[in-house]
Amino acid sequence: MLNADRRIGGPYTFAAGLLGRLVPAARERHPELVAAHDIEIRTAAPKLRDVVPARRRSLADDLPRAQRILIPAARRSLRIANGVAEFVRDHLDRTRPLTVAVANLDAADHTDAELLAVLRRRVDPALLRIEEGPRAPSAGALPADFDRYRDEGFHHAMAESGLEALRGMAYDAGPERWRQLVQRVAASLEAIEREDEARELYDRARRESTDPKHRATIAYATAMILVRHHDPARRDPEQALAWINEAITITSLLPDRRERAFHLGFDLNGKALVEVRRGRPAAAMELVQQAIDLAKADLPGEHPIHKLVLHANRGQLLAMTGHAEEALADYTRAVEADPGYPDYYLDRGNLLHKLGRDEEALADYEAVMRLSPPFPEAYYNRSELRYAAGDVAGARADLDHTLELDPEFARAYVNRSGLSAAAGAYAEARQDVERGLRLAPGDPHLMCVLGQVELAERRHEEARAAFDRALELDPDLVAAWAGRAELAFDLGDHGAALADLTSALKREESAELLFNRAVVHRAAGRPDNARDDLLRAAVLAPGDSDIGQALTEV
């Protein structure tokens with residue numbers, strides 16, 4: 001019997017119990033399996049850290065907590081859950097099936113609830129059977145292990161336990177501890193999309209505290225809520241600018257040179273994001289450069305994570321403004337500063353892919369796979385590389401795995417539905433479109449695939465509605481113009497088909513679109529126009545036999 005009550009051990013109470021039973025045997029029989037999942041095991045079961053060495057390490061592991069400025073995002077727990085599930089699956093597959101009774105499932109922390117869902121989805125019930133056990137007496141309040149919650153990104157636990165602690169804590173009884181807890185709890189509330197509660201805490205802190213650094217920190221944090229709110233309709237870059245300027249005003253006056261360089265650099269970097277949201281990337285670049293210059297001059301030999309973040313952010317801005325080689329240099333600097341941190345490999349890989357350097361991009365994506373617990377974005381990105389290389393089966397396998405890891409990864413439904421529609425598997429395509437639209441109701445690509453499915457099934461009115469909606473959402477979506485043109489041609493409306501294909505070609509010239517327009521021109525009795533389109537298509541695709549054959553027929 002395992003107990004899932006979060007009040008016993010906090011996050012991963014159930015996971016720690018399960019791993020405590022499985023890991024010792026796995027270390028004896030299959031040590032390579034334990035080593036492959038070191039991060040997940042050490043995160044979920046801290047008591048096993050003495051027997052499971054850290055094989056994959058990052059720069060933060062050896063720094064004082066104050067310099068570990070990268071706090072894991074809320075979705076990291078899904079990666080941990082998938083890694084634990086794969087360990088359990090592979091271990092049980094080599095040993096014997098297991099039945100686990102779990103008490104107090106209704107009192108589980110978010111991390112265990114997520115893990116249980118992943119186990120049920122990804123581990124064959126013939127290998128692992130989970131039964132609901134009886135309710136057991138409560139062990140009291142959630143442990144107040146705030147350092148662990150902060151370091152591991154256990155945001156639900158930090159919010160619950162921290163809010164409870166703050167209810168009984170007076171500011172005057174311990175101002176420094178109170179300020180630190182407010183900052184940690186509010187940051188966790190933001191991470192789990194409870195921004196209104198975070199804002200209330202910041203407002204409370206402004207009423208209580210006159211400490212300059214703290215007031216600068218909460219002004220910065222308020223600005224970040226206003227530019228990163230999970231509801232785009234509630235973002236307000238102009239109001240954010242007012243708050244971030246307040247933070248900069250305070251930190252620029254801090255008397256200690258090193259302290260000023262760090263805190264002011266942090267705030268300048270935050271203002272850069274505000275300027276990006278205001279549509280001013282050049283101003284953002286200047287701010288990040290100021291922060292880099294401050295760190296270089298006044299923080300020699302310390303705050304390495306702060307410095308690599310600044311270079312990575314400058315890389316993003318350089319890429320955004322068309323300076324690809326300079327952006328690559330900054331991403332590479334960030335990667336080399338902390339080769340064990342996976343996220344910047346993704347950013348560099350994406351830029352390499354845009355530059356057509358797909359072998360290097362592939363190496364970066366696969367580095368993420370090695371360095372991190374299962375990371376859905378890495379598989380999704382590799383699927384795009386494989387598709388571009390003509391490996392449709394490999395692309396499909398990566399999309400399948402992406403959605404196995406994260407069934408809420410909307411973009412993967414877009415691409416997989418498109419592959420299914422292209423293969424004539426319309427029922428599968430429709431299923432993926434419906435799943436994707438539940439997650440992203442306004443996605444024009446999903447509406448476009450839906451139009452293709454409806455067209456293939458001869459549901460013309462529904463197809464027209466889907467293509468129209470896709471173009472309302474994104475007037476530059478070439479596939480929707482082409483799909484609507486195909487529908488018009490099927491219905492014998494050559495004029496509408498030509499108009500839509502011409503609109504598509506204004507946005508993206510391709511041999512395929514020119515060939516299709518030539519077909520419509522020919523059907524409409526316009527052979528000269530058809531020939532013109534075919535000649536241009538032949539220039540774009542000189543080895544295409546269909547184009548060559550069509551030219552002999554006009």
Side-chain angles (χ1 to χ4, degrees), residues 6-16 19 37-84 109-112 114-115 141-166 176-192 194 198 201 217 221 224 262 266 302-309 312 334 337-344 371-375:
R6 66 190 183 283
R7 292 163 292 192
I8 296 172
Y12 290 123
T13 297
F14 160 74
L19 291 169
H37 297 284
D38 60 327
I39 293 175
E40 301 94 304
I41 294 169
R42 289 168 58 86
T43 299
K47 291 182 179 178
L48 293 174
R49 291 187 172 194
D50 290 341
V51 297
V52 179
R55 180 180 61 89
R56 295 170 291 180
R57 296 176 59 82
S58 73
L59 180 63
D61 294 329
D62 299 316
L63 290 177
R65 181 167 282 109
Q67 295 193 33
R68 302 180 210 164
I69 63 169
L70 291 174
I71 308 303
R75 296 294 282 173
R76 178 181 183 253
S77 61
L78 179 62
R79 288 151 53 189
I80 298 297
N82 274 300
V84 171
D109 179 72
H110 167 82
T111 52
D112 274 329
E114 185 176 56
L115 172 62
L142 185 68
D145 194 353
F146 298 129
D147 285 346
R148 182 188 178 215
Y149 300 165
R150 183 255 193 198
D151 292 350
E152 301 291 2
F154 294 154
H155 299 294
H156 292 81
M158 178 68 85
E160 179 184 349
S161 185
L163 286 171
E164 181 62 31
L166 286 169
E176 185 174 349
R177 182 168 177 265
W178 189 93
R179 291 192 296 262
Q180 182 190 67
L181 189 56
V182 164
Q183 290 167 204
R184 289 183 174 187
V185 173
S188 285
L189 288 167
E190 290 178 58
I192 57 177
R194 292 165 59 181
L201 272 184
T217 298
M224 293 303 100
F262 173 68
F266 204 88
E302 58 183 317
H303 285 292
I305 294 180
H306 173 63
K307 294 172 184 174
L308 73 85
V309 167
D338 189 1
Y341 185 70
D343 294 52
Y344 296 130
L371 293 169
S372 170
F375 208 133

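We're numbering straight along the sequence, starting at 1.
The pair R57-D38 does not count as a salt bridge, with every side-chain nitrogen at least 4.0 angstrom from each carboxylate oxygen. Salt-bridge annotation for E152 and R42: absent, with no side-chain N of the basic residue lying under 4.0 Å from a carboxylate O of the acidic one.
V84 is not listed as a side-chain neighbour of H37, based on a closest heavy-atom distance of 4.5 Å or more. Proximity of S161 to F146: side-chain heavy atoms (C-beta onward) are separated by under 4.5 Å at one or more points. R184 is listed as a side-chain neighbour of D147, based on a closest heavy-atom distance under 4.5 Å. Here the side chains of D112 and R6 are not in contact, with every heavy-atom distance at 4.5 Å or above. Between T111 and F14 the shortest side-chain heavy-atom distance does not fall below 4.5 Å. At a threshold of 4.5 Å between non-hydrogen side-chain atoms, the residues R76 and T43 count as touching. Taking 4.5 Å as the limit, every side-chain heavy atom of Y149 sits out of range of all side-chain heavy atoms of S188.
Taken to the nearest 0.5 Å, the CZ atom of F375 stands 12.0 Å off from the CG atom of N82. Distance check, rounded to the nearest 0.5 Å: CD1 of I305 to CZ of R68 gives 8.5 Å. Going from atom CD of E160 over to atom NE2 of H110 covers 12.5 Å, rounded to the nearest 0.5 Å. Taken from CD1 in I69 to NZ in K307, the straight-line distance is 11.5 Å, to the nearest 0.5 Å. Expressed to the nearest 0.5 Å, how far CE of M158 lies from CG of L163 amounts to 10.5 Å. Put simply, CZ on R150 and CD on Q183 are 10.5 Å apart, with the number rounded to the nearest 0.5 Å.
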Original post:
Can you check side chain to side chain contact (heavy atoms under 4.5 Å, CB included) on D109 and T13, steps first, answer last?
Top reply: CA-CA 8 Å; D109 179 72; T13 297; over 6 Å; no

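In this structure, H306 and H303 have perpendicular ring planes: the angle between them is above 60°, well past the 30° mark.
Of the candidates L59, L70, L371, Y341 forms a side-chain contact (heavy atoms from CB on, under 4.5 Å) with just one, namely L70.
Nearest approach of A186 to L201, heavy atoms of both residues: N-CD1, 3.9 Å. Closest approach of E40 to I80, counting heavy atoms only: CG-O, 3.8 Å. Smallest separation of non-hydrogen atoms from S77 and Y12: O-OH, 3.3 Å. Scanning both residues, P374 and R79, for their nearest heavy atoms gives O-CG, 2.8 Å. A pairwise comparison of heavy atoms in L19 and A44 identifies CD1-CB, 3.9 Å as the closest pair. The heavy-atom pair separating A81 from L115 by the smallest distance is O-CD1, 3.6 Å.
Under the 3.5 Å distance criterion, the side-chain polar atoms of H156 are left unmatched by any main-chain donor or acceptor of A74.
Applying the 6.0 Å contact sphere to CZ of R177 captures no more than 12 heavy atoms from other residues, nucleotides or ligands.
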